[in-house]
Q: 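Here it is, the structure in full.
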Amino acid sequence: MGEVLSRATLAERVTQDRRDGLTIAFANGGFDLLHVGHVRYLEAARREADRLVVAINDDQSIQGLKGPSRPVLPEADRAELVAALRAVDYVVIFSEPTVTPLLELLRPDVHCKGTDYTVETVPERETVRAYGGRIAIVGDPKDHSTSDLLTRLRREGD
C-alpha cells in the first residue's frame, strides 16, 4: 500500500529510492470519485518505472477546475484512496496550477499523462525535457470521467 506524504518527506524518499538504483514515474490528477479509468491510468504509469508518485490536486484547485460543487470527496480522502491502489507508492497533494514545481523538485524519470494528451500537448513538457526526463502517454482511451459519472447519477436519481 502506498503512503500519503508531505512534499519534504516525498523528496527524501525519492532521493533514497534513486540511491537504491530505482527509477521514478510521476502521474497527477484530481481523482475525484475513483473509477476504472483512474486505475488503468495509474497501473500503466507504474509499468514505466520502479516507483510511482501520484500528485493529487487540492480541494481549491479542483473547485477552480470543475466548479463549486466539486470535489465530491475531500483531498485527504482522495489521497488515501489513491494510496490504497497497488500500483501507487507515494501520494502528495498539491495546490499549484500545474505540477511543474513538483517535477522540478523530484525530477522523475518519466512524467505520465493520460490519453487525452499527446507528448506535444503536455503542459509541463518543457520542464521535463529541461531536466532530461521523458513523457509517457499511458492508460486506456478517455472513455471514463468523474463528470460523466456524476451526470449519470443525477439523471438516475431524478
Side-chain angles (χ1 to χ4, degrees), residues 1-66 69-117 122-124 127-128 131 133-150 153:
M1 185 161 141
E3 298 176 84
V4 181
L5 303 172
S6 69
R7 196 173 293 220
T9 302
L10 174 61
E12 291 170 10
R13 291 284 181 86
V14 167
T15 298
Q16 184 58 54
D17 287 342
R18 282 224 169 80
R19 278 192 209 119
D20 294 341
L22 302 175
T23 56
I24 310 297
F26 181 96
N28 68 282
F31 303 99
D32 195 12
L33 288 187
L34 202 59
H35 57 69
V36 71
H38 293 137
V39 173
R40 291 173 182 166
Y41 164 57
L42 295 174
E43 286 178 346
R46 175 53 186 261
R47 289 191 291 271
E48 296 291 325
D50 300 312
R51 292 277 189 262
L52 177 59
V53 175
V54 181
I56 296 181
N57 295 78
D58 73 358
D59 290 346
Q60 269 192 296
S61 64
I62 291 288
Q63 202 167 57
L65 291 166
K66 303 291 185 176
S69 65
R70 301 279 296 276
V72 174
L73 298 175
E75 61 196 43
D77 291 358
R78 292 183 284 121
E80 186 176 340
L81 285 168
V82 169
L85 298 174
R86 70 175 171 235
V88 177
D89 294 293
Y90 309 127
V91 175
V92 65
I93 298 168
F94 75 100
S95 59
E96 297 88 352
T98 71
V99 292
T100 296
L102 279 168
L103 292 171
E104 289 171 338
L105 174 68
L106 303 173
R107 301 170 74 100
D109 300 281
V110 188
H111 179 35
C112 301
K113 296 298 271 187
T115 57
D116 47 335
Y117 289 92
V122 171
E124 306 87 7
T127 300
V128 175
Y131 70 73
R134 82 179 160 85
I135 294 169
I137 305 302
V138 300
D140 63 352
K142 190 85 169 162
D143 295 334
H144 316 294
S145 81
T146 299
S147 297
D148 291 346
L149 181 58
L150 289 170
L153 288 170

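All values reported here derive from a predicted model rather than from experimental measurement.
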Q: With side chains defined as the heavy atoms from C-beta onward, is the minimum distance between Phe94 and Ser61 less than 4.5 Å?
A: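 A side-chain contact under 4.5 Å is absent here.
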Q: Answer yes when Asp89 and Arg46 have at least one side-chain N-carboxylate O distance shorter than 4.0 Å, and no when they do not.
A: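 Looking at Asp89 and Arg46, the cut-off is met.
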Q: Is any side-chain heavy atom of Phe31 less than 4.5 Å from a side-chain heavy atom of Leu42?
A: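 Counting from C-beta outward, Phe31 and Leu42 do come under 4.5 Å.
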Q: Tell me, please, which residues at least two apart from Glu96 pass salt bridge (charged side-chain N to carboxylate O under 4.0 Å, His left out).
A: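 Glu96 satisfies salt bridge (charged side-chain N to carboxylate O under 4.0 Å, His left out) with Arg7 only.
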Q: Indicate the atoms forming the closest heavy-atom contact of Tyr41 with Ala27, along with that distance.
A: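 Scanning both residues, the minimum pair turns out to be OH-CB, 3.3 Å.
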Q: With heavy-atom distances below 4.5 Å as the criterion, would you say the side chains of Val122 and Val128 are in contact?
A: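 No, side chains not in contact.
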Q: So, for Val4 and Ala83, which heavy atoms are closest and what is the spacing to 0.1 Å?
A: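 Of all heavy-atom pairs spanning Val4 and Ala83, the closest is CG2-CB, 4.0 Å.
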Q: Mind listing the closest non-hydrogen atom pair of Gly37 and Asp140 along with its distance?
A: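 Scanning both residues, the minimum pair turns out to be CA-OD1, 4.2 Å.
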Q: Any donor and acceptor pair, going by atom type alone, linking the side chain of Thr9 with main-chain N or O of Leu5 inside 3.5 Å?
A: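 Answer holds: no.
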Q: What I'd like to find out is whether the side chain of Val53 reaches to under 4.5 Å of the side chain of Leu106, using heavy atoms alone.
A: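 Yes; the side chains approach each other to less than 4.5 Å.
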Q: Applying side-chain contact (heavy atoms from CB on, under 4.5 Å) to Glu3 and Arg13, what does each step give before you reach the verdict?
A: CA-CA 11 Å; Glu3 298 176 84; Arg13 291 284 181 86; 2.5 Å; yes
Q: Going from OG1 on Thr98 to CG on Asn28, what distance comes out if it is rounded to the nearest 0.5 angstrom?
A: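 Here the interatomic distance stands at 9.0 Å.
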Q: Closest heavy-atom contact between Leu33 and His38?
A: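 Closest approach of Leu33 to His38, heavy atoms only: O-CE1, 3.7 Å.
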Q: Hey, does Val82 have a side-chain heavy atom less than 4.5 Å from the side chain of Arg78?
A: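 No. Closest side-chain heavy atoms not under 4.5 Å.
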Q: Is there a side-chain contact between Val110 and Ile24 (heavy atoms, below 4.5 Å)?
A: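 The answer is no; the side chains never approach within 4.5 Å.
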Q: For Asp32, is there an ion pair with Arg70 - N to carboxylate O distance below 4.0 angstrom?
A: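 Yes, this pair counts.
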Q: Indicate whether any N or O donor in one side chain lies under 3.5 Å from an N or O acceptor in the other, for Gln16 and Asp20.
A: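 Gln16 vs Asp20: donor-acceptor pair found between side chains.
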Q: Counting heavy atoms not belonging to Arg134, are there more than 12 under 6.0 Å from its CZ?
A: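 Yes, enclosed.
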Q: Could you pull out the closest heavy-atom pair between Ser6 and Val92, with the gap in Å?
A: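 Smallest interatomic distance, heavy atoms only, reads C-CG2, 4.3 Å.
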Q: For Thr100 and Glu124, indicate whether the former's side chain and the latter's backbone hold a donor-acceptor pair under 3.5 Å.
A: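 Answer holds: no.
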Q: Is the side chain of Asp59 donor-acceptor paired with the backbone N or O of Pro74 at a distance under 3.5 Å, no angle test?
A: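 No, Asp59 side chain to Pro74 backbone: no donor-acceptor pair under 3.5 Å.
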Q: Would you find more than 12 non-hydrogen atoms of other residues, nucleotides or ligands less than 6.0 Å from Glu43 atom CD?
A: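 Yes, the 6.0 Å shell around CD holds more than 12 heavy atoms from other groups.
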Q: So, does Tyr90 use its side chain to make a donor-acceptor pair with the main chain of Arg51 at under 3.5 Å?
A: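 Between the backbone of Arg51 and the side chain of Tyr90 there is no qualifying donor-acceptor contact (under 3.5 Å).
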Q: Given side-chain contact (heavy atoms from CB on, under 4.5 Å), test Glu80 with Val91 step by step and report yes or no.
A: CA-CA 8 Å; Glu80 186 176 340; Val91 175; over 6 Å; no
Q: Can you tell if the side chain of Val54 reaches within under 4.5 Å of the side chain of Ile56, non-hydrogen atoms only?
A: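 Yes. Closest side-chain heavy atoms under 4.5 Å.
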Q: Would a distance-only check, ignoring hydrogens and angles, find a side-chain to backbone donor-acceptor pair under 3.5 Å from Tyr131 to Pro108?
A: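 Yes, because the side chain of Tyr131 sits within donor-acceptor range (under 3.5 Å) of the backbone of Pro108.
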Q: Over all heavy atoms of both residues, which pair between Val138 and Ala45 is shortest? Give the atoms and the distance, please.
A: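 Of all heavy-atom pairs spanning Val138 and Ala45, the closest is CG2-N, 3.9 Å.
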Q: Do Leu65 and Asn57 come close enough that some side-chain heavy atom pair is under 4.5 Å?
A: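 Yes - at least one pair of side-chain heavy atoms lies under 4.5 Å apart.
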Q: Hey, what do you get for SG (Cys112) to CG (Leu52), rounding to the nearest 0.5 Å?
A: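 Reported to 0.5 Å precision, the distance equals 7.0 Å.
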Q: If only side-chain N and O atoms count, and only distance matters, is there a donor-acceptor pair under 3.5 Å linking Thr23 with Asp50?
A: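 Result is yes, a qualifying pair exists.
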Q: When you look at CD of Gln60, are more than 12 heavy atoms from neighbouring residues, nucleotides or ligands closer to it than 6.0 Å?
A: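 Open: at most 12 neighbouring heavy atoms sit under 6.0 Å from CD of Gln60.
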Q: Any idea how His111 and Phe26 line up, ring-wise: parallel (<30°), tilted (30 to 60°), or perpendicular (>60°)?
A: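 Ring orientation of His111 relative to Phe26: tilted.
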